[in-house]
Every structure is written in structure tokens, then in C-alpha cells.
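Structure first, then comments.
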There are 2 protein chains.
Amino acid sequence: MPRGVDVARLAGVSQKTVSRVLNNEPYVSTEVRQRVLAAAEQLGYRLNNAARALASGRSRSIGVVTLGTALYGPASLLMGIERAVRATGYALRVVSTVEGDPTGIAGAVESLLEQGVDGIVISEPIDEGAELVRADVPVLVFGTPLPFSAPRVVTAGVGSGELAHAATEHLLDLGHATVRHVAGPQRWYAARERLAAWRAALAARGLGEPPVVEGDWSAASGYAAGRRLAEDGDLTAVFAANDDMAIGVIRALLEAGRRVPDDVSVVGYDDVPVAAYVTPPLTTVRQPFDAVATAGLQLLVHAIEQPHEDLPQAPDHPVELVVRASTAPPPRKTPGRGRATSG
Amino acid sequence: MPRGVDVARLAGVSQKTVSRVLNNEPYVSTEVRQRVLAAAEQLGYRLNNAARALASGRSRSIGVVTLGTALYGPASLLMGIERAVRATGYALRVVSTVEGDPTGIAGAVESLLEQGVDGIVISEPIDEGAELVRADVPVLVFGTPLPFSAPRVVTAGVGSGELAHAATEHLLDLGHATVRHVAGPQRWYAARERLAAWRAALAARGLGEPPVVEGDWSAASGYAAGRRLAEDGDLTAVFAANDDMAIGVIRALLEAGRRVPDDVSVVGYDDVPVAAYVTPPLTTVRQPFDAVATAGLQLLVHAIEQPHEDLPQAPDHPVELVVRASTAPPPRKTPGRGRATSG
DNA sequence: CGTAGATATGACTGCGCAGACATGACTGCG
DNA sequence: CGCAGTCATGTCTGCGCAGTCATATCTACG
């Protein structure tokens with residue numbers, strides 16, 4: 001591997017000037033700049049990242065803690081983060097945790113700190129007990145300020161709240177007497193936020209709160225939840241915390257003889273790409289992952305590079321209720337079937 | 001930040017001994033090891049990655065080139081890679097490309113090389129023209145040996161071939177006269193492989209090859225393909241290159257008045273988590289992403305750490321055809337509707 | 001008891017870059 | 001014309017580790 005001095009020799013300048021050129025620093029004449037670039041090109045020279053990081057004290061990289069799942073939401077957010085990180089000129093390092101991992105988020109953060117990242121992104125905050133996560137670099141959390149100890153903690157919202165609210169209201173506006181909720185796993189911030197918004201929407205209309213069924217985001221758990229919901233003879237509207245569970249719910253309802261949306265309306269969350277094509281097409285909520293990631297990363301980079309300035313606040317992002325065929329007004333005559341017992 | 005010498009001083013040893021302890025080198029007495037670990041713990045000491053990379057010439061990190069999509073296949077493989085990389089003790093750096101990106105895979109590889117990775121993984125090879133990708137570290141490609149110039153190029157298969165073959169055969173075994181194929185974008189290796197396997201399965205039975213409809217992996221493109229397929233009055237069986245497109249195809253067929261599976265059988269590919277819960281539940285093919293990723297990474301790490309030994313071959317992985325309700329024997333009396341014209 | 005090997009530790013050094021500072025050439029203006 | 005300010009470049013240095021080699025101690029065995 002050629003080094004900076006090799007380029008310098010070939011271009012007839014000092015190593016420092018090579019460094020200047022390759023870092024786009026001012027005070028280099030155009031002519032020298034050209035010579036250096038030509039020499040670097042000729043030798044196939046690349047700056048040595050380790051040496052740069054050691055000399056400058058910054059690694060120019062950002063670490064992200066993600067969940068080891070291919071779930072649409074987390075995967076989309078991760079891809080949004082990747083693009084946003086690259087746009088800021090930083091490199092991306094990824095560590096995943098799995099639910100139930102004993103070291104959890106704290107362990108993942110620790111491993112990123114060992115790698116020397118300049119900042120950390122927690123993409124899907126989940127509660128792994130009461131652990132306090134310590135970091136010596138700025139941290140960006142999507143959703144909620146976990147118990148973090150770090151120089152700067154930045155929070156960027158994904159706007160789940162208001163939209164889960166809107167999803168519930170959409171069902172109520174259609175005339176449903178109430179809305180049942182299939183929640184996500186409550187250790188996830190995203191799941192808690194959606195549950196709270198559903199609750200708030202019911203409360204705003206003075207409605208009581210029917211029992212919540214909790215799933216694990218999977219279609220299988222949605223199916224199980226749907227079987228339980230089907231025992232409710234008065235059921236006409238369901239809000240599921242993500243699309244996969246909504247699809248499972250719909251399948252269970254169909255198998256129980258409930259038509260969707262004729263008998264029961266179902267709303268999902270995420271707008272997965274197949275949502276428009278399943279039967280029936282799913283009413284759902286679309287999240288602007290890219291915009292959220294971009295905005296969050298701008299805050300994080302600001303926190304990294306201007307450690308003493310105040311942080312601007314993250315803007316809210318337009319979220320969108322996508323109404324499709326899985327929601328309709330409730331049936332005229334409620335079927336009034338008796339409540340079946342499980343077994 | 002405390003440095004190695006600080007720990008050394010506290011433990012009453014030399015910096016070099018601290019280095020030995022933290023790298024688990026032999027020839028350190030148990031007693032000294034304890035003292036050093038205690039001192040490191042007390043100071044909250046962490047090895048400086050940049051300095052170790054500079055001094056040792058290895059960054060202990062592996063870069064992966066992925067596609068900036070949340071598609072189930074690529075996302076699952078990425079997560080499998082993350083786990084596999086972590087299991088080998090390396091750190092993971094991620095760069096994504098988008099289709100149509102002018103710099104393409106070569107640009108992504110270049111940016112990883114600048115970051116100083118010890119090895120590179122190309123998770124979803126796509127053809128970005130005839131570019132020759134150059135790397136000075138070993139490269140692992142999932143699927144196909146692209147035109148690569150690197151010290152070692154390792155290939156690990158995802159076994160798409162035989163299974164796309166099996167999927168087609170499953171339909172033929174049910175009695176269908178032929179099988180139409182909704183292909184993925186042909187720049188993707190995975191799409192070409194599935195197309196070739198479908199072709200081979202037809203040829204093996206001496207069947208002619210009906211025209212292929214190409215999609216872009218999305219349910220929307222599957223829907224468009226399904227509308228075109230619905231013009232074929234003799235259509236009874238479809239093999240789609242992924243589940244999302246299969247779901248789109250099913251929707252289009254339903255809207256065209258074809259029942260699935262009564263009139264037309266549809267097979268997908270990937271076994272996305274909702275496949276079992278859509279209507280009808282989807283017959284599909286499950287890929288062992290984790291196993292493939294683990295095996296591939298073992299090869300890559302071998303190529304990195306034993307540059308002069310021969311590479312063991314990657315084992316084949318069990319792939320699995322999952323038969324669900326979307327496939328059935330063809331209808332007794334073919335409907336024989338005339339071929340409609342589009343427009 | 002003497003010497004070869006294994007074991008345990010330290011001193012010194014350099015990896016390749018960017019920061020601090022020095023220096024020289026040039027510009028403009030009173 | 002002289003001096004301050006800008007521009008352009010170079011010299012020297014150290015970031016914090018791991019590699020190399022030297023050294024000291026401990027075993028084993030003839």
C-alpha cells in the first residue's frame with residue numbers, strides 16, 4: 001500500500017501537503033493540488049483510516065444499534081439511517097441485538113464504543129430492564145429518551161403517536177362503537193406509543209377501554225390475537241400495531257366466519273409494500289422513515305461537530321393514513337352472536 | 001480517555017503487558033492478568049481501535065455492500081451477515097447501493113476499502129454494467145462470481161437454483177400443463193438464477209417455454225404481471241420469483257375473476273412471515289439465510305486469516321418448499337376463455 | 001550443577017496521518 | 001518603499017497501540 005509520503009515524493013511536495021489536498025483544506029495552489037491528485041491516482045493511493053483516526057481523534061464513523069430482525073419497520077429505518085449517515089460523510093457501523101440478549105442495548109453500545117464511533121444511533125429502543133446505558137459520545141434515539149448517560153442525547157420522533165391516534169379515530173369516524181387493539185410487544189417503545197395513542201383516542205370520545213391483546217409483531221401472533229378477538233361477538237373494528245399482525249388478524253377473522261371489512265374493519269401500521277395487494281387491501285399508516293432518519297442524523301452530526309452549541313429541535317414529519325378496503329362502516333345489524341368461550 | 005500506559009501504571013506493569021492481557025496473549029501470569037484487568041476496569045479503559053489498527057495493520061472489521069431496500073430477502077441476509085460477522089469477532093461496516101446508482105457496487109467497495117476493512121461481502125450481486133470491481137482484500141459474494149479482481153474471491157450459494165426448480169416441479173407434479181414465471185429484475189443474480197431453474201424444470205419435462213413476465217420484486221409489479229397473465233385463458237400455474245410479487249399476482253387474478261388456487265395455482269419465493277396468513281396462504285420456498293451467512297463468513301474469515309491455505313468449499317444448505325393453500329391441481333375443465341387483449 | 005528450553009516481562013520502535021508552528025512568497029496600501 | 005496581512009508550503013511531532021527483541025526467571029534433565 002502506498003503511503004502519503006510516496007505520493008508526496010512523486011508529486012514533489014511534502015506529506016503534509018498531500019494531507020491538505022486529500023482533506024480539501026484551503027491554502028493549496030491549484031497547480032499543486034492537481035499534481036498531488038494525479039500522483040495519488042497514479043499510485044492508487046488511499047488515506048489510511050486508522051492513521052487518520054489516531055492522529056485526529058475522530059473516526060468519522062457512526063454506530064447504529066439495530067434489532068436482528070427483517071421486520072419491515074426496523075429494516076426500513078436502518079436503510080434510511082444508512083443513507084442518511086452516508087450523506088453526512090460518516091461511515092456506518094452496525095451492531096444488532098436480539099430481544100432477550102442478556103447484554104442487550106448496553107452491550108451493543110459498549111461494542112460500538114470499543115470500535116471508536118463518534119456517535120451512536122439507537123434505532124429501535126426496547127426496554128431491557130432498568131439498565132443505564134453509558135456512552136461517551138452523543139447518542140440519537142428514535143422515539144424515546146431511554147435512561148441514557150451520554151454527553152448529548154438527541155431524540156427524533158417517528159410520529160407514531162398521532163397517527164395511531166388518527167387510525168383509531170378513522171375507525172370511530174366510520175361509526176364503530178369502539179375499537180379493539182392488537183398491541184406490539186410492550187418492551188418496544190414503538191408498541192407502547194401506539195397503545196397509548198389508541199387509548200387516548202378512545203378516551204377523547206369518552207369511550208371505555210376494551211381489553212388489549214398483545215402480539216409480538218408477527219403475523220402468527222396476529223393470527224392468535226384474531227382468534228381471541230373473534231370470541232367477541234360485538235367486534236367490529238380492530239387496530240393492529242403493525243401490518244403483519246393485521247394480516248394475521250384478518251386471516252383469523254375469516255376463518256371464524258367474519259368478513260373483512262363487511263363485519264369487521266381492520267387497520268394496520270407501517271404500510272408494508274404488500275399492504276395494498278393483500279385481500280382485502282389494508283388500511284394502514286405510512287411512516288416517513290427516510291425523512292425521520294435524515295432529520296435525526298442531522299441532529300446527531302450537529303451534536304458531534306458542534307458540541308457546545310444548542311441542539312435544534314427535530315421537526316415533526318408528515319405521517320399518513322392510507323385508507324384502503326379493509327375498513328368500512330360497521331354492519332347495520334350487529335350480528336349479536338353470543339360470546340363464545342375459548343377452548 | 002485513559003490509555004494503555006495509565007492502566008499499566010496503575011497495575012504496576014508495562015504498557016506492553018497491558019496489551020498482552022487485553023489481547024489474550026499467552027505468557028502472562030494469572031496474577032498479573034488479574035491486576036491488569038482490575039486496573040482496566042477501574043479506569044474504564046478501552047483499547048483504542050484506531051491505534052491497534054494502525055499498529056497491527058488489521059482493522060478487525062468486515063464491510064458489507066447491501067442494497068438500500070427493506071425487501072425481506074436482502075434484509076434477512078443482512079441480519080444473518082451481521083450475526084455471523086459478530087460471531088467471528090469482527091466488526092461490521094455497511095454501505096448500501098441503490099439500483100441505478102452510477103458508482104454502483106464498485107463505488108461501494110471503494111468506500112469500504114477507504115474505511116480499511118479486512119474483507120468485503122457483496123450480499124446481493126446485481127449487474128451494474130461491465131465494471132470490474134477491484135479490491136485488495138478477500139471478497140465474499142453471495143451467489144455468483146462477479147467480475148472481481150481481489151486476492152481471494154469466495155462464493156457462497158443461497159441454493160436458489162434447486163429450489164426454484166423444485167417449486168416449478170411441484171406445480172407440474174400437481175398436473176399443470178405448464179407454469180408461467182414472473183421473474184425478478186434480471187440484473188439481480190438471484191432473479192436470473194430463479195429464471196434459469198424454472199426454465200430447466202420445464203425443459204426437463206420436454207415442455208416449451210411460455211413467455212416470461214418481468215417484475216421488480218414489488219407487489220405492485222406482481223400485480224401488473226398478474227393482469228397480463230390473466231389475459232392467458234389457459235393459465236393455471238404461476239411461479240413468482242418472490243412472495244411480494246406472488247401476492248400481487250394473486251390480487252390481480254382475483255380481480256380478473258380467477259380463483260386461487262381453484263383456477264390458478266401460485267407459488268412464491270422467500271417465505272416472508274406473512275406468507276402463511278395471506279389469503280390464500282402462500283406456497284413458497286424458504287431460504288436458510290442464517291446458515292448461508294454463517295458458512296459464507298467462515299470462508300471469508302478463513303481467506304482473511306489464512307491467506308495461503310486453500311479455501312474449503314461452502315457446503316450446500318437445505319432449502320425447503322413450503323406447501324400451502326395457494327397451490328392445487330388444475331381445474332378439471334379448463335375455462336378456455338379466449339385470450340383477451342390488453343388496453 | 002550446568003545448560004537448554006519454556007515462561008514471563010519490559011524497552012524500544014514505528015505504523016501513517018493531522019495538528020501546531022515556522023517560514024517564505026506575494027499583495028496592497030499608506 | 002516598508003510593513004501588515006494573506007497565501008502557500010514545509011518541518012516536526014505525537015496519537016496509542018502491537019511487533020521485535022532483549023532480558024530475567026523458572027523448570028527439567030543429563
Side-chain angles (χ1 to χ4, degrees), chain A residues 1-37 39-40 43-61 89-91 113-118 136-137 305, chain B residues 1-37 39-40 43-61 89-91 113-118 136-137 305:
Chain A
M1 287 274 89
R3 303 166 339 235
V5 281
D6 302 325
V7 176
R9 234 177 329 252
L10 182 57
V13 297
S14 72
Q15 174 267 321
K16 178 69 216 191
T17 295
V18 172
S19 166
R20 284 196 183 95
V21 170
L22 274 62
N23 287 293
N24 272 315
E25 287 175 28
Y27 303 142
V28 180
S29 71
T30 317
E31 190 253 330
V32 165
R33 194 175 290 273
Q34 302 301 337
R35 275 216 320 273
V36 168
L37 290 175
L43 296 177
Y45 173 71
R46 253 180 242 118
L47 280 170
N48 178 318
N49 221 358
R52 276 180 107 160
L54 182 57
S56 69
R58 308 188 334 143
S59 68
R60 295 168 177 76
S61 73
Y90 282 75
L113 292 174
E114 274 168 21
Q115 292 179 43
V117 297
D118 295 338
D136 45 27
V137 297
E305 297 181 352
Chain B
M1 287 273 90
R3 303 168 336 238
V5 282
D6 302 326
V7 176
R9 238 184 318 261
L10 183 57
V13 297
S14 73
Q15 174 267 321
K16 178 67 217 191
T17 295
V18 172
S19 167
R20 284 196 183 95
V21 170
L22 274 62
N23 287 293
N24 271 315
E25 286 174 30
Y27 302 143
V28 180
S29 69
T30 318
E31 189 254 330
V32 166
R33 196 175 290 274
Q34 302 302 338
R35 274 218 318 276
V36 169
L37 289 175
L43 296 177
Y45 173 70
R46 254 180 242 119
L47 280 169
N48 179 319
N49 221 1
R52 30 182 353 200
L54 182 58
S56 69
R58 309 187 335 143
S59 68
R60 295 169 177 75
S61 71
Y90 282 74
L113 292 173
E114 273 168 21
Q115 292 178 43
V117 297
D118 295 337
D136 45 26
V137 297
E305 298 181 352

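Throughout, protein chains are lettered first and strands after them, A, B, ... in sequence-line order, and every chain is numbered starting at 1. Bear in mind that the values here come from a model prediction, so they are computed numbers and not experimental data.
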Worksheet item: What is the minimum heavy-atom distance between A:Asp118 and A:Val137, and which atoms define it?
Response: O-CB, 3.5 Å
Item to complete: Would you name the heavy atoms of A:Leu47 and A:Asn23 that are closest together and state the gap between them?
Response: CD1-OD1, 4.3 Å
Fill in: Short side-chain N/O contact to D:dA18 OP1/OP2 from B:Asn23, under 4.0 Å
yes
Worksheet item: Is C:dG19 paired to anything, Watson-Crick or G-U wobble with both distances less than 3.5 Å, and if yes, which nucleotide?
Response: D:dC12
Item to complete: Under a 3.5 Å limit for both distances, which nucleotide forms a Watson-Crick or G-U wobble pair with C:dT7, could you say?
Response: D:dA24
Worksheet item: Which atoms form the tightest heavy-atom contact between B:Val28 and B:Arg20, and what is the distance?
Response: CG2-CB, 3.7 Å
Response to the item:
Quick note, A:Leu54 side chain, CB onward, closest among C:dC17, C:dA8, D:dG16 is D:dG16
Worksheet item: Within the pair A:Ser14 and D:dG10, is there a side-chain N or O less than 4.0 Å away from OP1 or OP2?
Response: yes
Item to complete: Can you tell me the distance, in whole Å, between the CD atom of A:Glu25 and the P atom of D:dC7?
Response: 15 Å
Worksheet item: Do you know the tightest heavy-atom contact between B:Gln15 and B:Ala8?
Response: N-CB, 3.5 Å
Worksheet item: So, for A:Ala50 and B:Leu54, which heavy atoms are closest and what is the spacing to 0.1 Å?
Response: CB-N, 3.7 Å
Worksheet item: Can a side chain N or O of A:Ser19 be found less than 4.0 Å away from OP1 or OP2 on C:dA18?
Response: yes
Worksheet item: Between C:dT7 and B:Ser29, is there an OP1 or OP2 to side-chain N/O distance shorter than 4.0 Å?
Response: no
Worksheet entry | Whole-Å distance separating the NZ atom of A:Lys16 from the C1' atom of C:dA20 | 9 Å
Discussion item. Any base atoms under 4.0 Å from A:Val32, or only sugar-phosphate, or nothing? Heavy atoms, all strands.
Written reply: sugar-phosphate
Discussion item. Taking 4.0 Å as the cut-off, does a side-chain nitrogen or oxygen of A:Tyr45 come that near to OP1 or OP2 on C:dC17?
Written reply: yes
Worksheet item: Any side-chain N or O of A:Tyr27 under 4.0 Å from OP1/OP2 of D:dC7?
Response: yes
Practice prompt. Could you check A:Val18 against B:Ala53 and say which one's nearest nucleotide on DNA chain D is further toward the 5' end?
Written response: A:Val18
Discussion item. Starting the side chain at C-beta, find the nucleotide from D:dC15, D:dA18, D:dG10 nearest to B:Arg52.
Written reply: D:dA18
Worksheet entry | Atom-to-atom span, CZ of A:Arg46 to P of C:dC15 - whole angstrom | 19 Å
Worksheet item: Side-chain donor or acceptor of B:Arg20 under 3.5 Å from a matching atom on the base of D:dG19?
Response: no
Worksheet entry | Length of the line joining A:Leu47:CG and C:dC15:P, which is rounded to integer Å | 17 Å
Discussion item. From CD of B:Glu114 over to C1' of C:dC17, roughly how many Å is that when rounded to an integer?
Written reply: 15 Å
Item to complete: Please state how far atom CZ in A:Arg58 lies from atom C1' in D:dC15, giving the value in whole angstrom units.
Response: 15 Å
Worksheet item: What are the two closest non-hydrogen atoms of B:Arg58 and B:Tyr90, and how far apart are they?
Response: NH1-OH, 3.6 Å
Practice prompt. Would you tell me if any nitrogen or oxygen in the side chain of B:Thr17 comes within less than 4.0 Å of OP1 or OP2 on C:dG10?
Written response: yes
Practice prompt. Looking only at side-chain atoms of B:Val28, point me to the closest of D:dA18, D:dG10, C:dT9.
Written response: C:dT9
Response to the item:
To the nearest angstrom, the CD-C1' distance between B:Glu31 and D:dT25 comes to 15 Å
Discussion item. Without decimals, in angstroms, what is the distance between A:Asn49 CG and C:dG16 P?
Written reply: 14 Å
Worksheet entry | Below 4.0 Å: OP1/OP2 of C:dC17 and any side-chain N or O of A:Ser56 | no
Response to the item:
Between B:Pro26 and B:Ala51, whichever has its closest DNA chain C nucleotide further toward 5' is B:Pro26
Practice prompt. Tell whether B:Gln15 reaches the base of C:dA11 with its side chain through a donor-acceptor pair below 3.5 angstrom.
Written response: no
